[in-house]
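What follows is a single structure, written as structure tokens, with notes after it.
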Amino acid sequence: MKNRLIYLYVAAFLGIVACSEDFLDNKPITTQTAQGYFQTPKNALEGLTGCYNGLVLDSWANIYFISTIASDEAFAGGGQGEATSGVPFGWDEFKEAGALNQNIDIWSHRYTAIFRCNSLLENLGTVDWSENETLAAQYEAEARFLRAFYYFDLVRFFGNVPLVTTSVVDVKTPQAKPDSVYTLITNDLKFAIENLSDTPYGSISADSYGHATKWAAESLLARVFLFYTGRYSQTDLVGLVNKTQALAYVEDVISNSGHDLISDFKNLWPISSINGSGVYAGEDNKETVFSIKYTWGSHFNKGDNQWLISMGLRWHDGTPYPYSWGWGQATVSKKLWENVYEAGDSRKTATIISVADELQNSTSTIRADGTVNPTGASFNANQFADYTGYFNKKYVPLTVVTADGFTEYPKSLNESNNAQVDQLQDWVIIRFADVLLMAAELGSPNAQAYLDKIRDRAFGDQAHRIPATVDNIRKERQRELALEGVRYWDLLRYGSSVAAQEINTTEVVKEGGVNKTKNIVFDTQKNGLFQIPRNEIDKSVIDGVEYLVQNPGW
């Protein structure tokens, strides 16, 4: 029998708002059915908007947040008693924490987004493109880029996943082997590279920010190549892309995209313009090759960045200015602060909040009504679980004092906003710095120059250059891309033994002000894969046959 995959949550174009500023202000399809709807380019744009909207469906438990906790960069954290009780997260210890469906957002939201892409792709032929034929290939390329992006999340996270390429499929669709999924990803990205815009960064219009470009597709394909070949010990990407070709893609980005490094690392992040030490380069700066764009608004509309609040400093007695309140999760490991950065590396203090250096003696706190109290209570570390004294500075809720009182960065609150759930900072998926480091790791003849460029910016001089060996390039990735959602996947592609070596740790943290020992052991049986939600497995049982099989160790 043919049916829609119920257990994949592919409800047709859920009734949600557009997901980003500017171009996604167009309304996505909500209640209309795909069949017969796609008749004009405007209809197709609405469908494409729904595909992009899939990027922001996750609330607090998105892939960035989960993989950061699972890496060697952070612990679960949260409020006093939460980590000990296993609530809400067990990702740092590779356990389910009593929640058999804690990864439901990753699974259901990716398949919802894939369904939208499939529906658009199979209906583009019904559109009347007579007035603008070039849009047909462009929209197909963007949809295929996004489908590849979503499947890359799924296959990295879960391993064997159902491969769905139409909007109507057999309920008994089996889990595909990773090679089949990577074949689809690779073909989609190669099509995207051939058909997406190759306009250099400096010439694109502001309303195009957030759209996938040729440069984003080339960069993502290089990332896929590195992950697949490392993870599965292969020399090429499912026979479709070899190392020389992967390098050529990122060299093209470096030479022709117009993207480049901004001059000061700390100005990549909003905090630079809040604490007076720099000038924020802003979203969509020249270093951003591709990002997920968020809007300011109620989290019920699924356009905001709720996971960012998870990593904010917990507010009970008061959160020290300029940081706004959050849930205290993903506390940064002491290892990242103490053992990773060299003396003089500006990225250390631009990446990590050190309570002892910044906040320990602060008494400027945020009152419950949102105003700043300059003589408030000192920072209270006793309200945290897995407290290390360190927090994420790149992605953290911030507060700005204005003449009218205060605002959450960078837009003011109103009666419909809640600082504990509504945030809009974009998540930068691919930075130009990452492109340089990928090219260097792939063996570019310019590898030394690319590594030098990264380190010269970090130290503000040329005295800290090191040889461009693979080991040094990978260590540089750890420093440059820390707390950006890259590290865990890098560790997996370096091999299980390397992942275990880096992730395994015994660290003394505090819970409620009391020392406890955090003992993290990389579970080799699970081999870095996460738990498929139990609800999805239950829904896959047809006539006594279970068509979804749980990953080993879960």
Side-chain angles (χ1 to χ4, degrees), residues 182 185-186 189-190 192-194 196 198-202 213-263 265 268 286-290 342 345 347 428-482 484 486-487 489-491 493-495 498:
Y182 279 101
I185 291 170
T186 306
L189 289 177
K190 290 179 73 173
I193 289 168
E194 293 299 318
L196 285 174
D198 61 356
T199 303
Y201 168 79
T213 63
K214 175 186 178 182
W215 323 119
E218 288 181 318
S219 302
L220 182 58
L221 189 49
R223 178 177 286 183
V224 172
F225 176 90
L226 283 167
F227 184 81
Y228 174 85
T229 55
R231 181 72 155 142
Y232 300 103
S233 301
Q234 299 295 314
T235 58
D236 61 35
L237 178 55
V238 291
L240 296 174
V241 175
N242 60 35
K243 187 175 182 179
T244 300
Q245 292 168 317
L247 174 59
Y249 286 135
V250 281
E251 293 282 26
D252 186 37
V253 178
I254 293 167
S255 299
N256 300 309
S257 72
H259 289 288
D260 202 351
L261 300 184
I262 69 166
S263 60
F265 180 85
L268 285 165
K286 65 182 179 180
E287 193 160 338
T288 299
V289 178
F290 185 68
E342 303 156 81
D345 191 334
R347 294 171 297 190
V428 180
I429 301 296
I430 302 173
R431 283 200 287 120
F432 187 74
D434 190 2
V435 176
L436 292 174
L437 291 170
M438 286 193 291
E441 189 174 349
L442 285 165
S444 170
N446 301 312
Q448 188 63 58
Y450 296 160
L451 182 60
D452 290 347
K453 188 170 185 175
I454 296 288
R455 289 182 63 84
D456 289 355
R457 177 175 73 170
F459 291 92
D461 58 40
Q462 298 180 5
H464 292 82
R465 295 179 174 181
I466 58 177
T469 64
V470 171
D471 185 56
N472 282 343
I473 292 166
R474 289 179 172 181
K475 288 179 180 176
E476 207 60 34
R477 290 183 64 81
Q478 183 182 15
R479 302 179 187 107
E480 176 72 23
L481 304 173
E484 294 182 42
V486 173
R487 174 67 172 170
W489 312 111
D490 275 354
L491 289 176
R493 72 178 176 88
Y494 299 158
V498 175

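These values consider heavy atoms only, across backbone and side chains, with no hydrogens, waters or symmetry-generated copies.
Contact between Y249 and L221 at its shortest, heavy atoms only, is CE1-CD2, 3.4 Å. Residues L240 and T186 share a closest heavy-atom pair of CB-CG2, 3.7 Å. For R457 against A433, the heavy-atom pair with the smallest separation is NH2-CB, 4.2 Å. The minimum heavy-atom distance between A440 and Y450, with the atom names listed, is N-CD1, 4.2 Å. Shortest non-hydrogen contact noted between A222 and V250 is CB-CG1, 3.4 Å. What you find for A217 and A192 is that their closest heavy atoms are CB-CB, 4.0 Å.
For the atom pair CG (N472) and CD (Q448), the distance works out to 9.0 Å, reported to the nearest 0.5 Å. Summarising the geometry, atom OG1 belonging to T469 is positioned 10.5 Å from atom CD belonging to E441; distances are rounded to the nearest 0.5 Å. Here CZ of R347 is found 11.5 Å from CG of L268. Values are rounded to the nearest 0.5 Å. Between atom OG of residue S257 and atom NZ of residue K286 there is a gap of 11.0 Å, rounded to the nearest 0.5 Å. The CG atom of L247 sits 10.0 Å away from the CG atom of N242 when rounded to the nearest 0.5 Å. Taking OH of Y182 as the reference point, atom OH of Y232 lies at 4.5 Å (rounded to 0.5 Å).
Using a 4.5 Å cut-off on side-chain heavy atoms (C-beta onward), V428 and F290 make no contact. Using a 4.5 Å heavy-atom cutoff, the side chains of E480 and V486 are not in contact. Looking only at side-chain heavy atoms (C-beta outward), L481 and R487 stay at 4.5 Å or farther from each other. Using a 4.5 Å heavy-atom cutoff, the side chains of L442 and E251 are not in contact. Side-chain contact between K190 and Q245 is absent, with no heavy atoms from C-beta onward closer than 4.5 Å. A heavy-atom distance below 4.5 Å is not found between the side chains of H259 and V435. With a 4.5 Å cut-off on side-chain heavy atoms, I466 and E476 count as touching. Under the 4.5 Å side-chain criterion, counting only non-hydrogen atoms from C-beta, Y201 is not in contact with V289.
A salt bridge is absent between E342 and K475: the closest approach of a Lys/Arg side-chain nitrogen to an acidic carboxylate oxygen does not fall below 4.0 angstrom. Salt-bridge formation is detected for the pair D490/R493: a Lys NZ or Arg NE/NH1/NH2 atom is positioned less than 4.0 Å from an Asp or Glu carboxylate oxygen. A salt bridge between D434 and R477 is present, with a side-chain N of the basic residue lying under 4.0 Å from a carboxylate O of the acidic one.
Under the side chain to side chain contact (heavy atoms under 4.5 Å, CB included) test applied with L436, the options I473, L451, V253, L261 reduce to a single match, L261.
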Open item on the list: Between K243 and T235, is the side-chain contact (heavy atoms from CB on, under 4.5 Å) condition met? List the steps.
Closed with: CA-CA 7 Å; K243 187 175 182 179; T235 58; over 6 Å; no

TODO: Could you go through the side-chain contact (heavy atoms from CB on, under 4.5 Å) check for R223 and I429 one step at a time?
DONE: CA-CA 11 Å; R223 178 177 286 183; I429 301 296; 3.8 Å; yes

Open item on the list: Set out, in order, the CA-CA distance, both residues' side-chain angles and the distance that settles side-chain contact (heavy atoms from CB on, under 4.5 Å) for R431 and E287, then state yes or no.
Closed with: CA-CA 5 Å; R431 283 200 287 120; E287 193 160 338; 2.7 Å; yes

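Of the possible donor and acceptor atoms, one in the side chain of S219 sits under 3.5 Å from a partner among the backbone N and O of W215.
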